[in-house]
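Below, each value reflects all heavy atoms present in this structure, side chains not excepted, and no hydrogens, waters or symmetry copies. Per chain, numbering begins at 1; letters A, B, ... match sequence-line order.
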Amino acid sequence: MENFSRRNFLKSTAASVAISSMIGCEQKKTAEPLKQAAGGSSDQLGLEWDKAVCRFCGTGCGVLVGRKDSKIVATKGDPDCYSNKGLNCIKGYFLSKILYGEDRLTKPLIRKNGKLEEATWEEALDLIASKYVEILKNDGSNAVAMFGSGQWTIFEGYAATKFMRSLGFVSKDGVGSNNIEPNARMCMASAVAAFMRTFQSDEPMGSYEDIEHADTFVLWGANMAEMHPVLFSRIVDTKIKDKIHVKLVDLGTQFTRTSEEADLYLQFKPQTDLAIANYFANYIVQNNLYDKDFIETNTVFKRGQTNIGYGLKDGGADIPKDAEAMFPMTFDEYKAFVSTYTLEYVSELSGVPKEKLEEAARLIADPKRKVVSFWTMGFNQHTRGTWVNQLVYNIHLLTGKISKPGNGPFSLTGQPSACGTAREVGTFSHRLPADMVVANEEHRKKTAEIWKIPVEKINPKPGLHTVEMFRAIDNGKIKLLWVQVTNPFQSMPNLNRYRKAAQEKDVFIVVSDVYPTRSTEVADVVLPSAMWTEKEGAYGNAERRTQHWNKIVEPPGEAKTEIWQMFEVAKRMKLDDGKTLADLIYNYNPETYYKEIWEEYRSFSLGIGKDLAPYDVLKEKHGVVWPYVHKTKEINTKVDFTEVWENVENPEGKKGDDFISVKWRYNAKYDPYAAKFLKDHPEHKGEIAFYKAKGNDYKAVVLAVPYEAAAEEPNNEFPFWLCTGRVLEHWHTGTMTMRVPELRRAVPRAVVNLNPEDAKTLGIKGGDLVKISSKRGSVVFPADVNGRSIPAKGSVFIPFFDETRMVNEITIDAYCPISKEPDYKKCAVKIEKV
Amino acid sequence: MERRDFLKKGLATGLVTCTSSFSLFALLGQDNKTYFRPPGALPENEFLSACIRCAKCVQACPYDTLKLGSVTDGKNAGTPFINFREKPCYLCEDLPCVKVCPTDALDIKSLVNIDLVHIGTAVITDREACLSLNGIRCEICYRVCPMIDRAITLEKHEQEITQKHTVFEPVIHKDYCTGCGICENACPLDESAITVLPSQRGDKAKHYQYLREQVKHKKGHKK
Amino acid sequence: MVISSLVIYCHSEFLDYVSEQIKTLPCVEIVGSHNSKFAVVIETETTEQSAELAEEIRLFTGVLSLELVTHFFEDEVQNS
């Protein structure tokens, strides 16, 4: 019997295989013609193309977007965009798919009895407006806060800062709220602070084109190969063009894909970048490799306040009042200061072999070499972030390698409009548009004039910066928080504290977003938003290029733009005279408000070396670099450049154009402002002029600051360093990229990268689950020892994109006392196999 | 007469010679499909004889990678195989699938080191579709490779159109590639541009040594 | 026990004739047909017998070619 059934089984198997093989053959034959037919019609798909910019990192790659009917079905790199010349990374390749995740938010949600339930826009907006009015009337403008983003479009950021700073019309104290912050505080505030302290004007002086001109690249704590893939591809091409001469120096705390491409890799102990930068300065000074004429004309030496604390206590109670102070010193005093950073001492402190330190110093200091330094979060997310940014400026200032093609310090950005929106619009708690600050009366006056509101309405006291804003929620001081285009309840350091506060404290949280996130999870109202090309927008990238795009498709369901949301809330805020807040601040024509907002915002920038392009130019061109300077006083409102105009080059236009896009700021050859300055100041030698640094007699600051330890260092209980960051395939908290099935398949989860030796000692194999704990909590991750990233012995790396395992539950909320940017790169943890 | 000999000779002479389309592949599998076996599998013919279709390896696989041939898999019915696109082999260090094998079909002795597993070799099978070769910064296959910088390295060429960017071409090195298929699985294209193909280690020309082999291991990690 | 399956390719005009002829053979069973092909299963004691049957089929008028798809064998009578 048994034999019989087995026989039957075999027979039926044989039969079915024969049948399937018989039929299968035919299907193969017909498959090909079908495929050809599909390919043939692809040329006649009838796509409409329009320009836009990539939604992800700060590189600002131009893309062309193909629409068919009401859907974006294709993208391609924009060959006419100078920033990327038609190439993208894998995130850009899947750009169109971020719009079409299955769980797009399409209806407003209101929390009722602990659950988010669908509601109408009327209900949601009425509720938000009534909460604003109630809290502003009872507690004043300091009790409300807005947390926005370097992914806000410039229009949105501008509307938001205007909204918050005008709440004085409603609040009991009569002044607006400065409690507005972009997530850029967690991303590049240190770069901002250092630019302002050194040059008195924010943002890099150079251009991505530096990459083709330079021969020496110095990367500080920046895994450019993964985080700025398209730019890195340009660096490698420069290397290919001259394999022998061009050098890439990578300084970091872990061996990354960037290190793999580097000619020289310096692995230093966390925080000792401060000492290494001082050693390089020392090398330059001791070996007389500094540019004497340049430093005499263009620099002033200062000493920074020391022992400035870590912001670990609420309200920054552990930070001295004069943490930001800088005191004059002479060159000789500076020389004596850096002389303590000897090769021996720094090698010992940093763990970098002497030969490597010396080799790097030799490359950087060599007067014949053109040096570009790049950095991002390794420097910015640092409890001495402002210092370490400035220490790199020191190197470039001492050698005069700045503001020239192929020479310059270049702070990269991680978000598409960290520059355009967060910095240029000034959506920080202390800033106003175009480098102005709320604490300065002149600045408030100019702002009030353009906004057509009484100057008294603008609050002169800076608001709470990001960490203190979230601490204030925990301390019951902030009663209303509106989060737009970002996900702080996954990305805040020391996350457990702030998630708990959001859930337990009496705070009304509104989140405007496009997908459910870990932040919508704690919201009282969720507003469904339009994203990217579902609305008109503009972003500003790291090389000061502003890129505009049109609305290309409709947002899904009832989703609306953040601008519309703010307009509608402002419309619901009634003032005593019967008007609404919207009548005062958003008095734009509904048909043309984008243009009106742009031109109003642009008026802040004109004539001061921050000149933005007119709306129509922006709409037409595939990205415009600012300063976009007009020749005449009539248009640029202040300066007449006619007499120097012919001497200034216009690399992105033609000689003789009425506008010049400045690719190298402060350089008279490229920057009309510098040319004009030199004309007016004949005593000023050379072709570089830091014309914005009025307060320092038009000189940049070389700052003497020491190495100081990190806020939390490994100890017996928590013996490992933890560093966090990103991976190429995913971006930020993964809300977009994790919804692209292809990217999710490529990197489905966050893993902890271990040093193979540490893994061996701890008995951990690849794939094992590992518990990583700090004083603040613990999270479990699968281990990875394959070597994509190899942290130094005694340290681990974990990316933060995974919403199911949030590494920020264990990171520390210490911050740089000057820039107030938290340090996501250094805290102490222990590792246990689960 | 030895059965296998008979099958080879008898059928081959009896049937194959008289019909051109009658092919020997029928003896090796149902059609052209290649079955990728778990780590440590014997050469395919020997594996098929040694495998007793007990499915223990399939049960032991912690990742649910191993699949069992069904009736439509012909004589491969009941044998374990891997579909990389569904789930690749994650090369468990302790090789649970090999350990449970009651015969020598999966031969633990052949595996001195997990890094020496050789299920097949990955090959960029669609160079036109490969995003990296088109200058897009993808290289996912490279970064997911458990033998990164050994089994897959990146060769750099100038992007011809922009002349400012680099094409990072993933190049697979057979001596290190385990054929785990993690790259094939991760490729973001609809049809993977990198595919694991059957191959044997060391099946290259013995009468000549390339220059690159003479200088191999010269580079190594900078760390 | 030896079980093989084959696909038989025929000239379309001889389909009925071939099918009739196959039905006359012992141990051979038509399990399906598609366009001008038949799938058959042959069950015999030895591989030789299978091969003989396959050869016989091949010689039928109208048969263009045959393709062996599967071949199982176990407990085969060894004629040593």
Side-chain angles (χ1 to χ4, degrees), chain A residues 9-10 12-14 16-18 20-21 24-25 77 79 84-94 211-212 225-226 229-230 232-241 255 257 259-265 267 727-729 740-743 745-747 765-767 784-788 790, chain B residues 21 26 29-33 62-63 69-78 85 90-94 114 131-132 134-150 153-154 156-159 161-168 182-183 185-190 221-223:
Chain A
F9 165 77
L10 289 171
S12 66
T13 304
S16 62
V17 173
S20 68
S21 131
C25 292
N84 65 317
K85 307 256 178 191
L87 292 176
N88 291 113
C89 77
I90 192 67
K91 293 190 295 293
Y93 178 82
F94 286 116
I211 295 173
E212 281 83 46
E226 291 202 45
V230 173
F232 189 71
S233 148
R234 278 171 83 160
I235 294 184
V236 174
D237 186 51
T238 304
K239 263 166 63 82
I240 290 173
K241 285 191 171 109
F255 186 92
R257 294 305 95 211
S259 323
E260 175 65 25
E261 301 298 336
D263 298 290
L264 187 60
Y265 170 58
Q267 183 163 288
V727 293
L728 200 160
E729 293 82 357
V740 177
E742 291 85 354
L743 295 175
R745 183 174 61 201
V747 180
K765 297 189 302 288
D784 183 298
V785 289
N786 286 342
R788 171 180 181 161
I790 310 169
Chain B
S21 72
Q30 166 224 7
D31 56 19
N32 285 330
K33 187 174 161 191
Y63 294 99
S70 70
V71 276
T72 54
D73 289 301
K75 75 173 174 180
N76 290 291
R85 209 51 183 156
Y90 290 99
L91 301 173
C92 310
E93 276 179 50
D94 49 350
I114 184 72
L131 298 176
S132 305
N134 280 292
I136 290 169
R137 285 297 317 280
C138 172
E139 308 118 36
I140 284 174
C141 51
Y142 163 72
R143 287 190 305 277
V144 296
C145 177
M147 302 281 277
I148 187 168
D149 293 330
R150 285 177 290 169
T153 56
L154 294 178
K156 275 86 59 181
H157 329 289
E158 181 164 274
Q159 216 283 344
I161 300 168
T162 71
Q163 295 187 1
K164 283 184 184 227
H165 296 86
T166 311
V167 171
F168 293 81
I182 293 175
C183 53
N185 180 266
C187 178
L189 293 170
D190 289 343
H221 268 218
K222 285 174 211 82
K223 229 189 101 208

Is the number of heavy atoms from other residues, nucleotides or ligands under 6.0 Å of D94(B) CG greater than 12? yes
Identify which of L131(B), V144(B), T162(B), V167(B) forms the greatest number of heavy-atom pairs closer than 4.5 Å to chain A. L131(B)
Does a side-chain heavy-atom distance below 4.5 Å link P188(B) with F94(A)? yes
Side chains of V230(A) and H165(B) in contact at under 4.5 Å (non-hydrogen atoms): yes
Here the gap from K164(B) atom NZ to I211(A) atom CD1, rounded to the nearest 0.5 Å, amounts to 9.5 Å
In this structure, OG1 of T166(B) is separated from CD1 of I235(A) (nearest 0.5 Å) by 9.5 Å
Can you list the steps and then say if E729(A) with R143(B) is a side chain to side chain contact (heavy atoms under 4.5 Å, CB included)? CA-CA 10 Å; E729(A) 293 82 357; R143(B) 287 190 305 277; 2.7 Å; yes
For D784(A), is it the side chain, the backbone, both, or neither that has a heavy atom closer than 4.5 Å to a heavy atom of chain B? neither
Most heavy-atom pairs under 4.5 Å with chain B, out of E226(A), K91(A), E742(A), R745(A), belong to R745(A)
Give a yes or no answer on whether the side chain of K241(A) reaches the backbone of Q163(B) with a donor-acceptor pair at less than 3.5 Å. yes
Would you compute the distance between atom CZ of R137(B) and atom CG of N84(A) and round it to the nearest 0.5 angstrom? 13.5 Å
Among P146(B), C138(B), C141(B), G135(B), which residue has the highest count of heavy-atom pairs closer than 4.5 Å to chain A? P146(B)
Minimum side-chain heavy-atom gap I148(B)-R257(A) below 4.5 Å: yes
Report which part of I182(B) has an atom under 4.5 Å of a heavy atom belonging to chain A: side chain, backbone, both, or neither. neither
Measure N134(B) against the heavy atoms of chain A and call it side chain, backbone, both or neither at under 4.5 Å. backbone
Is there a side-chain contact between K156(B) and E261(A) in this structure, where contact means two heavy atoms from C-beta onward sitting under 4.5 Å apart? yes
Tightest non-hydrogen contact, residues A746(A) and A186(B), listed as CB-O, 3.8 Å
Please report the shortest heavy-atom distance between E260(A) and D149(B), naming the atom on each side. OE1-OD2, 3.1 Å
Let me know if C183(B) has heavy atoms under 4.5 Å from chain A in its side chain, its backbone, both or neither. neither
